[in-house]
Structures are given as C-alpha cells and as structure tokens.
Trainee: 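Quick one: the structure is below, questions incoming.
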Number of protein chains: 2
Amino acid sequence: MLRLSKLTDYAVVVLVRLSEESGIQTSGGIAASTGVPEPTVAKVLKIMTSAGLVASQRGARGGYRLARPLATIPVAEVIIAIDGPIALTACVEHSTSVCDTSSLCPVKGRWDAVNTAILDALSTISLADMRPTAFFPLPAHHLPEKRDAVPTTASALTTAFLE
Amino acid sequence: MLRLSKLTDYAVVVLVRLSEESGIQTSGGIAASTGVPEPTVAKVLKIMTSAGLVASQRGARGGYRLARPLATIPVAEVIIAIDGPIALTACVEHSTSVCDTSSLCPVKGRWDAVNTAILDALSTISLADMRPTAFFPLPAHHLPEKRDAVPTTASALTTAFLE
DNA sequence: CCATTCAGGACCGCGCCAGTCCTGTTTTCG
DNA sequence: CGAAAACAGGACTGGCGCGGTCCTGAATGG
Ligand code: FES
Ligand code: FES
C-alpha cells in the first residue's frame, strides 16, 4: 500500500492549523476547528510535543503552540515522529528487525538506495509547502504574487502508474 | 513506518533471481535458491504474471521467465502490482477511499505533491539498479538541504534526469 | 482550593496482511 | 492415452498492528 498512518495525516492537519493562529491553542479548540475527534487531536499533540515540534503549556489557559516555523519542519520529520524511522523493508539499515533470508538474498542491501531516495523527497517538502495559499480555488483577497511552479509535475511516466 | 508489504520485498528478490538464469524456472526452484517459502513464491509469481511482468508456461517442464528486461521495470511498478496504486493518504487523487473531514481540512489536496515526489523517486529506480553490481544513477542526494525548498524540487531533479 | 489543561499511559476491537491450502486446467512425456 | 508436472485462481484463517478511547496523575492560574 505504501500508505502512512492516519495519525500522520492528522498531525499535518493539526500542525498547519496551529500555524494559522498566532496565540496558544487548546487541543479542544483545534479539534473543533478541524473536525478531528478531540481525543485523537490530543494524542497527536502529545506525540508532537515529545518530538519537539510543538511547545506545550500546562494548566488553566494552557495549550499548544508551534516550537518552530512551519517552513523548517519537513514532512519527513512528522512521519518519523509518529511512525518511527522510515524503513521500507526489513532489510534497510537502521531498521529494528532483521531479515532472515539475507544469506541467499540477491538484493541484499540494495533497498537502502530506494529508502534514501524517498527520505530525501520527504525531507525536501516542508509543512509550509502543504499550506494552501489560495492560488488554486477561489483566490483570496490578497494575491501577493503569481506563484510559479505549482507542483503539477505529473509526467506521462508517473501518471501511467497511477492506475 | 512507511513500510511496504513483505510480498513486495519477496517480489523484488524473485524477479532479480529470475533474471540471473536465462532459461525457464519453476516456482519451486526459485524457492529453493532464494530461501523464500514455496507457496509464497508461487503467490508472488502469480501476481507478477497477471501484472505482465513475467510470462508463464504451464504444464510439465513449465515455469516462469521475465517478460521484459530487468532494466525496464521500475520499482514502482512492482509495488503497484502487489499493493495497488501508491496513495500515501486517503486524500490523494486516484485513491479509492474518501476523506470525511475534507470540508474543514486545511491541507486539502496538498498531499498530491508529496505523493508525486515519491512516485517519481520510485519510478526512477529500476530493478536492474537493485542488483548488487549495478551502478545507481540517482542524482546527488546529500546536498545541503534547504528546508523551505519548493515542493517541485525532487520531481524536477528526477524528470530532468530522464531527458 | 478548584477548574482547567496537558502527560502518560493502558486498553480494546477491527481490519488487514501473511501464509497456507485446495481444486481446477494446461502441457509434456512415457 | 493416462499420469505426472506445473501453473491459475481462488478461499480461508490466525496474528497483530493501528485507530480510537479513556483514566489517572500533575501542573498552572485564579
Ligand atoms: S530480503 Fe532481506 S536482505 Fe534481501
Ligand atoms: S485530511 Fe482528507 S482532505 Fe485533508
């Protein structure tokens, strides 16, 4: 499936939402404004806190705020914070498990390159790149500049694989 | 963990093993030479056959052989053959499922760029590149990373390499 | 002292994948 | 012509990882 966990999806939503308000925000407030169930939002925020992506404030009038600007958070870091290290197969270095057929395996150690390529792609995209800055549907009032290079790079090769 | 299924791992092993022998090979023989359990090898090869990656010959003295040269099979095609279309989240186009919080979601439709970047990376690496003797042709990964890079960077690199 | 809010777990049910197996069908060979 | 060899195409099931929830603390502010 090559699918990442649902919590990661929620995490991105929550982090982007956090960045859209300057002050501190409670988990309940974020749940209300995103539609994600409140316990799930709380769980995500706790993970994000221990990963150092958001800072928390306990007690009354407490809440969460981003620890770093959104542009300095690559998608890879969110994925790793929730799902653990990116390891496509059991045969990738830094993987926890070990491969049992490695003695006979003809592709031993060759997954590392694939893994690195994906990791690099995910490190290049920051959360700020995932925030819709209103250039596609129904432009907002302030169009600061014509954003070039919308990532519509679906080449013929890649679209051929989509289905 | 952004992990792909074990069957995909086996599929790569089996396909590479298929390429190392010129003649036709039985599923049992491949199982013996790779250490993968025979029923699993059979299952993988059936999927590969229906995907058009290997050709099969029934009956006594039958078996399997590669339908195309190893270098013309990207890793992405193997993954898609086994796991289905690559869709990181439920909110990616061409995904089967639908997202229920899309009305309030602040990152609606922004996963597509990430998905495309990964798809590009996986389409650039062929199975021939996974053989131990192969030269791995991806452009330089470990450049100093710009955290606020535009999301088209990875795609631009890979597509530029294809030309 | 009390309300609020986060911290850090434990907990459970569901869905999905891995692995096996069974019943055909096709082909070759004695 | 029959039997064996080998693939085709499913059904089936157990395990387990993930999602979602909840509960008991601890910190903070009024
Ligand atoms: S499958 Fe583990 S080393 Fe190749
Ligand atoms: S989470 Fe589905 S559209 Fe954003």
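Reminder, nothing fancy here: chain letters follow the sequence lines and each chain counts from 1. We use all heavy atoms of the structure for the numbers below, so side chains are in, but hydrogens, waters and symmetry mates are not.
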Trainee: Looking at D/dA6, I'd like to know if its phosphate oxygens (OP1 or OP2) sit under 4.0 Å from a side-chain N or O belonging to B/S27.
Mentor: no
Trainee: What is the distance from CG of B/D9 to C1' of C/dG19, rounded to the nearest Å?
Mentor: 16 Å
Trainee: Can you build the contact string for nucleotides 19-30 of chain D? Use B for base contact, S for sugar-phosphate-only contact, and - for no protein heavy atom under 4.0 Å.
Mentor: SBB----BBBS-
Trainee: Using atom CG of A/L45 as one end and atom C1' of C/dG8 as the other, report the distance to the nearest whole Å.
Mentor: 14 Å
Trainee: In whole angstrom, what separates A/I82's CD1 from D/dG17's P?
Mentor: 18 Å
Trainee: Whole angstroms only, please: what is the CG-C1' distance between B/L2 and D/dG17?
Mentor: 16 Å
Trainee: With B/T72, which residues qualify under side chain to side chain contact (heavy atoms under 4.5 Å, CB included), at least two apart?
Mentor: B/R68, B/P69
Trainee: Quick one: side-chain hydrogen bond (donor to acceptor under 3.5 Å, both in side chains) pairs with a partner in residues 36-55 of chain A, sequence neighbours left out?
Mentor: A/S27-A/E38
Trainee: Could you pull out all residues at least two apart from A/E20 that satisfy salt bridge (charged side-chain N to carboxylate O under 4.0 Å, His left out)?
Mentor: A/R17
Trainee: Quick one: is D/dA8 close enough that its OP1 or OP2 comes under 4.0 Å of any side-chain N or O from B/S56?
Mentor: yes
Trainee: What's the CE-C1' distance between B/M48 and D/dG9, to the nearest Å?
Mentor: 16 Å
Trainee: Verify the contact: side-chain N or O of B/T49 to OP1 or OP2 of D/dC7, cut-off strictly under 4.0 Å; return yes or no.
Mentor: no
Trainee: Can you name the residues that form a side chain to side chain contact (heavy atoms under 4.5 Å, CB included) with A/T8, not counting sequence neighbours?
Mentor: A/L4, A/S5, A/V78, A/I79, A/I82, A/D83
Trainee: Looking at every non-hydrogen atom in both residues, tell me the closest pair between B/M130 and B/V75 and how far apart they are.
Mentor: SD-CG2, 3.9 Å
Trainee: Is the side chain of A/N115 donor-acceptor paired with the backbone N or O of A/L88 at a distance under 3.5 Å, no angle test?
Mentor: yes
Trainee: Have a look at B/G28 and say if it touches a base, only the backbone sugar-phosphate, or nothing, with a 4.0 Å heavy-atom cut-off.
Mentor: nothing
